[in-house]
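These numbers come from the heavy atoms of this one structure, side chains and all, not from hydrogens, waters or symmetry mates.
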Amino acid sequence: MTIRRIFASSSDSDRITCIQQRVVPYLGGLLSLVYQYLPHSQAAKQAALNLVLKRKALTATALAAQNQAVFSDRYPQLQEIFRQWREKCKELLAFTYQVPPPEKREAHKQQLAQLQKECNELERQLAQEIPEIAMQEQMGDRREVASELPEGGQLLEFVRFDVFDFQNDSWQEARYLAFVLAQGKPSEVEMIDLGEAENIDRLIYTYRNSVIELPLPQKMMWNRNSTKKKAKHYVYDSQPGKQLREAVFDKLRDKLASCSHLVIAPDGDLNLVPFQILPEDDETTTLQDEYNISYVSVGRELLRRRIKTKGTANEPLIIADPNFDWSQHDPGIAQPESHKAVFGLNVSQMFGTLASVKFERVKATADFALTIGQQLGVEPFLQNEATGDRLLKCKSPKMLIVATHGYYSQRRKEYQRLLIELLFCSQEKQAEILAKNYGFLDEEFLAIIEALQNLEDCGNEIREKLGAIYSLVKQQINTTSAKSPVNNIEFESFKPNRHQAKVENPMMRSAIAFTGANTWFSGGQLPPDFPTMVFAQDIAGIDLGETDLTILIACQSGLGDVQTGEGVFGLRRAFAVAGSKTLIMSLWSVPTLATMLLMEQFLDYLKAGIGRAEALKKAQQYIINVTVGELQKSKLGSDILAELKLGNNLKIDSQPLAHPYFWGAWVCQGE
């Protein structure tokens with residue numbers, strides 16, 4: 001009752017604080033009790049799962065309830081407050097990415113605080129008038145969830161929690177638990193201890209690194225019995241995947257007898273794992289060869305299909321190939337030249353490196369959009385028409401496809417970027433760089449510098465440079481904004497890149513790039529109310545309540561800030577909160593042309609009446625098994641082969657896209 005009362009009169013930030021201070025310790029204490037003392041008690045395991053189903057992902061559920069209520073027109077008196085809230089959020093976001101000159105820093109901080117306060121107050125007003133936010137109608141237990149699982153399906157509900165030592169009255173290292181619930185069997189709850197979270201998280205990190213970047217082709221070798229060179233190929237090290245599978249999934253296998261469809265509700269860093277591509281010991285099969293796998297934030301989401309709405313979906317919406325360099329000063333700007341397929345697999349061919357703020361055109365997205373548009377009977381919005389307001393102003397398209405660059409700013413990577421820039425520039429340039437990046441000059445940055453200094457393999461020259469940078473940063477932190485600019489740098493021409501702004505809110509650090517994005521990031525002139533970057537916070541406030549499927553072809557769209565018990569704060573959370581029933585997203589940067597082929601196959605399977613999770617699985621299997629001979633039969637396939645640069649010696653029946661890098665990033669979340 002306390003949580004419901006708080007949620008019914010609070011802002012989203014208030015709710016997150018409530019979760020951290022009340023829900024997390026209480027849930028951790030109960031799970032610790034059951035895990036340590038009652039692991040064989042069916043009643044205790046049932047009670048623990050019920051609590052997990054009621055307490056995971058609460059803040060996202062509250063926001064989704066708010067959106068659904070507002071867009072349902074049940075509360076016409078709240079439309080004006082909701083409009084004001086969205087406008088205030090837009091103002092806050094724009095102000096957040098401003099980087100003021102030194103003399104205006106303090107005023108800027110105060111204005112940010114005031115805008116955040118006003119946003120929170122409007123959120124509280126909405127919450128007080130929408131009883132659905134209290135979630136009295138949405139708190140399903142294991143019985144309801146078991147009844148909504150698909151035939152032959154089982155739920156894997158993962159939980160990461162801090163262990164409480166009741167004997168010593170102290171908190172211990174975190175662990176992962178997994179609850180297994182079978183379709184139609186709510187009384188048969190299984191609970192499996194997976195071990196210390198630190199070890200599993202380390203395995204996840206190693207595993208992701210093994211598939212997240214494509215290794216260089218194996219060097220061409222000479223065959224002693226032949227004068228011909230062996231064909232190059234991309235080598236996949238399956239060992240990290242096997243180790244992760246053994247540490248997590250193998251402990252659950254004996255509980256999954258007769259299961260054909262796994263619904264996975266991850267927690268912690270498990271949110272970053274595409275389970276379906278974990279390799280088996282034979283190195284030729286993966287988990288998806290045995291199961292259809294789909295994802296939810298919490299098993300409770302399966303109950304959403306029970307909610308009947310009166311709204312109707314509109315025609316599909318396709319947005320692709322934005323003109324990132326568009327400017328109001330040159331509305332007739334020539335379209336940039338497309339990247340040729342023969343470029344090879346480098347940064348410019350991917351859907352963005354997330355740290356990049358110079359977005360390159362990917363012409364293949366336009367070709368894909370035109371092809372799919374013909375199938376769906378709609379005209380896609382391309383180049384200058386691929387604007388952010390197309391997404392922000394849409395109202396429940398039946399299918400939403402967005403193919404562009406993604407952007408996700410990780411704070412630690414921003415510190416690393418700044419430090420590298422400082423290490424490899426002249427001493428005279430350092431002061432200017434620090435002045436433009438003042439938002440990152442804090443104790444956390446100092447701690448990173450200090451940690452690098454203390455590394456054993458840090459050379460003396462680098463250690464000395466780090467020491468000098470540490471002193472300069474420390475000096476800047478202690479310098480008030482009232483003092484003169486560093487080294488008398490002239491700030492009349494101060495025009496920092498927006499990427500230099502330090503942003504705390506993770507929903508304001510994850511975005512999709514549209515027409516004019518490069519112009520905006522570089523501080524160029526754009527028309528008023530012309531959104532070039534649509535952030536997760538924006539998307540969380542649009543109406544996708546009747547949207548059956550969203551396909552987000554953007555770099556690492558499934559990533560964000562992972563928060564235990566609350567999921568991934570970023571685009572993943574935003575589209576779910578906005579109401580999209582299913583989201584197809586990627587967990588790492590993906591190669592352009594192979595992705596176009598995969599998505600074409602996926603949509604063909606959907607058209608044939610196959611379910612979304614199974615359609616994605618079949619599309620991925622197609623990419624794994626497609627041969628050189630089959631690829632050579634189409635222009636897209638030929639372009640893929642040229643892009644791979646594997647030479648002309650590949651056998652006609654070889655499978656050049658079998659490496660998980662080409663197909664494994666994609667997951668299906670939702671219905």
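For Phe166, the CZ atom counts as densely surrounded, since its 6.0 Å shell holds more than 12 non-hydrogen atoms of other residues, nucleotides or ligands. Counting heavy atoms of neighbouring residues, nucleotides and ligands inside a 6.0 Å radius, atom CD of Glu190 exceeds 12 of them.
Asp289 contributes a side-chain N or O that, together with a main-chain N or O of Thr286, makes up a donor-acceptor pair within less than 3.5 Å. Without hydrogens or angle criteria, Tyr207 side chain to Arg245 main chain gives no donor-acceptor distance under 3.5 Å. Side chain of Gln116 to main chain of Ala113: no donor-acceptor pair is present (N/O by atom type, distance under 3.5 Å, no hydrogens or angles). Looking at Gln154, its side chain does come within 3.5 Å of a backbone N or O of Lys255 through a donor-acceptor pair. The backbone N or O of Asn271 sits less than 3.5 Å from a side-chain atom of Arg572, completing a donor-acceptor pair. Between the side chain of Gln46 and the backbone N or O of Arg142 there is no donor-acceptor pair closer than 3.5 Å. Judged by distance alone, the side chain of Gln42 and the main-chain N or O of Val189 form a donor-acceptor pair under 3.5 Å. A donor-acceptor contact shorter than 3.5 Å links the side chain of Arg300 to the backbone of Ala57. Judged by distance alone, with hydrogens and angles left aside, the side-chain atoms of Gln36 form a donor-acceptor pair with the main-chain N or O of Ser32 at under 3.5 Å. Under a 3.5 Å cut-off, the side chain of Asn67 and the backbone N or O of Ala64 do not form any donor-acceptor pair.
By the 30° and 60° cut-offs, the orientation of the rings of Phe275 relative to Phe249 is tilted. Trp171 and Phe164 have perpendicular rings, their planes meeting at more than 60° on a 0 to 90° scale where under 30° would count as parallel.
When the options Asn292, Leu149, Leu256 are evaluated for a side chain to side chain contact (heavy atoms under 4.5 Å, CB included) with Leu262, the one that passes is Leu256. Evaluated for a side chain to side chain contact (heavy atoms under 4.5 Å, CB included) with Ile293, the options Ile277, Ile264, Leu616, Leu278 yield exactly one hit, Ile264. Of the residues listed (Asp201, Asn199, Asp267, Asp269), the one engaging Tyr176 in a side-chain hydrogen bond (donor to acceptor under 3.5 Å, both in side chains) is Asp201, and it is the only one. Considering Asn50, Val23, Leu30, Val298 in turn, Val23 is the only one that fulfils the side chain to side chain contact (heavy atoms under 4.5 Å, CB included) rule with Arg55. The side-chain hydrogen bond (donor to acceptor under 3.5 Å, both in side chains) test with Ser294 singles out one residue from Arg612, His261, Gln669, and that residue is His261. With respect to Leu583, the side chain to side chain contact (heavy atoms under 4.5 Å, CB included) criterion is satisfied by exactly one of Val667, Leu571, Thr550: Thr550.
Between the CG atom in Asp282 and the OG atom in Ser238 there is a gap of 9.5 Å [rounded to 0.5 Å]. For the atom pair Gln243 CD and Leu203 CG, the distance stands at 6.5 Å (nearest 0.5 Å). Note that CG of Leu126 is 7.5 Å distant from CD of Glu123, once rounded to the nearest 0.5 Å. In this structure, OG1 in Thr206 is found 10.5 Å from CG in Asp237, a value given to the nearest 0.5 Å.
A salt bridge links Glu121 to Arg124: at least one charged side-chain nitrogen sits closer than 4.0 Å to a carboxylate oxygen. Note on Arg253 versus Glu280: salt bridge recorded, some NZ/NE/NH1/NH2 to OD/OE distance being below 4.0 Å. Contact check on Asp141 versus Lys54 returns no salt bridge, with no Lys/Arg side-chain nitrogen under 4.0 Å from an Asp/Glu carboxylate oxygen. In this structure, Asp193 does not pair ionically with Lys251, as no charged nitrogen and carboxylate oxygen lie closer than 4.0 Å.
Looking at Val163 and Phe161, their side chains come closer than 4.5 Å, going by heavy atoms from C-beta outward. At a threshold of 4.5 Å between non-hydrogen side-chain atoms, the residues Thr285 and Glu290 do not count as touching. Inter-residue side-chain proximity for Arg573 and Leu63 is flagged as met; some heavy-atom pair is nearer than 4.5 Å. Contact check for Thr96 versus Asn505: no side-chain heavy atoms found under the 4.5 Å cut-off. Using a 4.5 Å heavy-atom cutoff, the side chains of Ile539 and Ile512 are in contact. Contact of the Gln276 side chain with the Tyr291 side chain is not registered, since no non-hydrogen atoms from C-beta on lie closer than 4.5 Å.
Considering all non-hydrogen atoms of both residues, Met507 and Gly570 come closest at SD-N, 3.4 Å. Taking all atoms of both residues into account, the shortest heavy-atom contact from Asp162 to Ala174 is OD1-CB, 3.3 Å. The shortest non-hydrogen separation linking Ala146 to Ala182 is CB-O, 3.7 Å. The shortest heavy-atom contact between Leu194 and Ile200 is O-CD1, 3.6 Å. The shortest heavy-atom contact between Gln620 and Trp663 is NE2-O, 2.9 Å. Of all the heavy atoms in Lys56 and Phe158, the pair that sits closest is NZ-O, 2.9 Å.
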Next on the checklist: Using the rule given for side chain to side chain contact (heavy atoms under 4.5 Å, CB included), can you reason through Asp281 versus Glu246, listing the C-alpha separation, both sets of side-chain angles and the distance that settles it, and then say yes or no?
Outcome noted: CA-CA 10 Å; Asp281 288 336; Glu246 291 169 357; 4.2 Å; yes
Checklist entry - Between Leu31 and Val52, does a side chain to side chain contact (heavy atoms under 4.5 Å, CB included) hold up when you go through it step by step? => result CA-CA 9 Å; Leu31 292 175; Val52 170; 4.2 Å; yes
Next on the checklist: Evaluate Thr582 against Cys668 for side chain to side chain contact (heavy atoms under 4.5 Å, CB included), listing each step before the verdict.
Outcome noted: CA-CA 7 Å; Thr582 304; Cys668 176; 3.5 Å; yes
Checklist entry - Going through the checks in order, is the salt bridge (charged side-chain N to carboxylate O under 4.0 Å, His left out) test met by Glu198 and Arg202? => result CA-CA 6 Å; Glu198 182 179 357; Arg202 188 184 305 112; 3.5 Å; yes
Next on the checklist: Checking Leu598 against Phe662 for the side chain to side chain contact (heavy atoms under 4.5 Å, CB included) test, could you report, in this order, the C-alpha distance in whole Å, the side-chain angles of both residues, the deciding distance, and whether it holds?
Outcome noted: CA-CA 9 Å; Leu598 184 145; Phe662 293 104; over 6 Å; no
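Annotation: ring pair (Phe, Tyr, Trp, His ring centres under 6.0 Å) contacts of Tyr26 (sequence neighbours excluded): none.
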